[in-house]
Amino acid sequence: MEDEGVVKKFLYLNRKAPYGSIYALESLEVVLIGAAFDQDVSLAFIDDGVYQLKKNQQTSVTSGIGVKDFSKTYRALEGYDVEKLYVDKKTMEERGLSTDDLLVPVEVLDDAQMAELMEQQDVVLSF
Amino acid sequence: MEDEGVVKKFLYLNRKAPYGSIYALESLEVVLIGAAFDQDVSLAFIDDGVYQLKKNQQTSVTSGIGVKDFSKTYRALEGYDVEKLYVDKKTMEERGLSTDDLLVPVEVLDDAQMAELMEQQDVVLSF
Amino acid sequence: MLLHTVNKSPFDRNSLENCLRFAQKGHSILLFEDGIYGALTGTRFETLLKGALKSYNIYVLVPDIQARGMRTENVIDGIKSTDYAGFVDLVAENKTVQAWL
Amino acid sequence: MLLHTVNKSPFDRNSLENCLRFAQKGHSILLFEDGIYGALTGTRFETLLKGALKSYNIYVLVPDIQARGMRTENVIDGIKSTDYAGFVDLVAENKTVQAWL
Amino acid sequence: MKFAILVNEGPYQHQASDSAYQFTQAALKKGHEIFRVFFYHDGVNNASRLTVPPQDDRHIVNRWSELAKAHNLDLVVCIAAAQRRGMLDENEAKRNGKDANNIAEGFRISGLGQLIEAGIQSERLVVFGD
Amino acid sequence: MKFAILVNEGPYQHQASDSAYQFTQAALKKGHEIFRVFFYHDGVNNASRLTVPPQDDRHIVNRWSELAKAHNLDLVVCIAAAQRRGMLDENEAKRNGKDANNIAEGFRISGLGQLIEAGIQSERLVVFGD
């Protein structure tokens, strides 16, 4: 779209749980807008950030905690060509989670691989 | 002042460091206003909350981090008859702090004593 | 008796750990908001919570569990499920509420 | 090379711990705001930081140290003191800045 | 029973205001009295009449206003915290030479004494924050 | 060198905006260019013209406005985050049927694309938050 020719590596670093605070939702909004810019985008989910991708999230404005469920939007990322989603191995283990628990396909990285991913980035957006 | 006759035990529970966020300052503002109500007031400083009382805080609107230094106000608490200030023993030890490092006289409580203090309260204001 | 409320994930903050350090035997503890992550089986904190159940009545807020895609079946045995109405009752039954913010 | 920034106390959050897990040898780490509490001698984290100094260039922001009543003499040996101008230089010298929020 | 509620965080950023709302609603349903809801720290931002959340999301401010109207709730915004954060009623705007105000219906601005009073007068105080 | 700054938290509640201001000032002093300061999440609240902090405290909003004027800075407030939190300019107020607006001089409201663009156009992006 804009700034054709320049392709930078953008990493979205997500370390916070959903619903308890808005960072997860507003981070996703940046990713969606950012997709139009044709940059090389990766999303990393570390610590409680991995909970953003948990399947079966159930709440609505009129039921549960009374907050909009935005988790289905992660499934839409593929349609925006945002396909590089990474989760941290230790994060998953400490929480007893497997990739089957997650809404979308992700790649599990160990410490060294995640460090390597971070090393390659031009721009890191932390939320 | 108001509500004469009713005396409740109020505990202010301070667990956050100063300057990084405003909770310390705005908690102190409640204590000062609350002093006029002649209640039985205690202040507990646990975890990073104990850093609120560190001596030699140095910053001003025009120097350092550009934030107002409000630490002297803790020294004024005595004039408001707010004299029950408690710090947690483990908190102090983990941070290598002694009572000499603090702006005001405090009583150091171990886990059991702090738990006992909490048990006695009618109202706990957490910031 | 006191009701302690913990609204943060034990992975993220030290609030649950500190609550457990100061709560007295027989006190009640409610895990809600991101605090519910501490109530689940299979996490690094399961042993800590199982130990705590020997001394405390621990509750978890189901709407917060469901919002986050968790299931009450995965709540550690002995932790009681409750809802906002139950939260209100807990507040009423205890003399004081202490929030571990 | 990356500059990692940590603005939270290691007592309060896991951000320093996680930063150290993913930073590569030779990277720079800046402790500022409440992050400065990790740079001081005598705390529970002193050993962790001393170990980290073998792999990383660690910096601490002096205005945040002073605001909080700490002294640069109490900063762990090997951690470099800097100010906002130095923070700017660190950002300029490293290809990317990664904030551990 | 008589409850007081303290809300320490602003709308949307943290769940505190949502949780406080759900709790308040449940307490009212059970026949309890809400003596006062006090908004402190960024909690004062819950009182802004200028918020325009997305249509498919909850409207946190209106929700409080409507609950206050239905149950005659006393929603009090701390004046000191509000001034720092740009939350003003008509009087405060005039007094400070500001050309606009932004407080929503059902909220009133007052001092911290109202929080202490709520602690004294109520049988329980429940705090929601970060 | 060309820098971009992202501020994720509101004024006073967290140090993020203070730190970002000190950093920006230091960068300008060293001759660097600030391509843009983008305010997101509660960071949008840094743009309120209605703030009245105590006289002996810093005025975070005015400080940004003045720095912007002196150095021709581009201070951009995210429109989606701003709407949720009641931060409106004259156009937005009109468009949403609101009777007031509260944005301070020197700030402009725009979309999230401006943040991505800042990431692309600048050589460094520095994030300040909670």
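Note: hydrogens, waters and symmetry copies are ignored here, and every other heavy atom, side chains too, is used. Per chain, numbering begins at 1; letters A, B, ... match sequence-line order.
- In this structure the side chain of D:Phe32 reaches within 4.5 angstrom of the side chain of F:Phe128, judged on heavy atoms.
- Residues D:Val91 and F:Arg124 come closest through the heavy atom pair O-NE, 2.8 Å.
- Residue F:Asn8 touches chain D through its side chain alone, counting heavy-atom pairs closer than 4.5 Å.
- Within the 4.5 Å cutoff, side-chain heavy atoms of D:Glu33 are placed close to those of F:Ser19.
- Annotation for D:Lys50: atom NZ does not count as buried by contact number, only 12 or fewer foreign heavy atoms lying within 6.0 Å.
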As a quick check of understanding, evaluate side-chain contact (heavy atoms from CB on, under 4.5 Å) for D:Val88 and F:Lys29, giving each step before the final call. CA-CA 10 Å; D:Val88 171; F:Lys29 213 175 224 171; over 6 Å; no
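- Of the listed residues (F:Val127, F:Leu125, F:Leu6, F:Asp130), the one with the most heavy-atom contacts under 4.5 Å to chain D is F:Asp130.
- Scored by the salt bridge (charged side-chain N to carboxylate O under 4.0 Å, His left out) test, F:Lys2 finds no partners at all (sequence neighbours excluded).
- D:Thr96 contributes atom OG1, which lies 12.0 Å from atom CD of F:Glu123 (distance to the nearest 0.5 angstrom).
- Of all residues in residues 68-85 of chain D, those placing a non-hydrogen atom less than 4.5 angstrom from a non-hydrogen atom of chain F are D:Arg68, D:Tyr84, D:Ala85.
- The candidate from D:Leu101, D:Asp64, D:Thr5 with the greatest count of non-hydrogen atom pairs under 4.5 Å with chain F is D:Leu101.
- Heavy atoms of other residues, nucleotides or ligands lying less than 6.0 angstrom from CD of F:Glu105 number 12 at most.
- Across every non-hydrogen atom of F:Gly129 and D:Asn7, the tightest pair is O-ND2, 2.9 Å.
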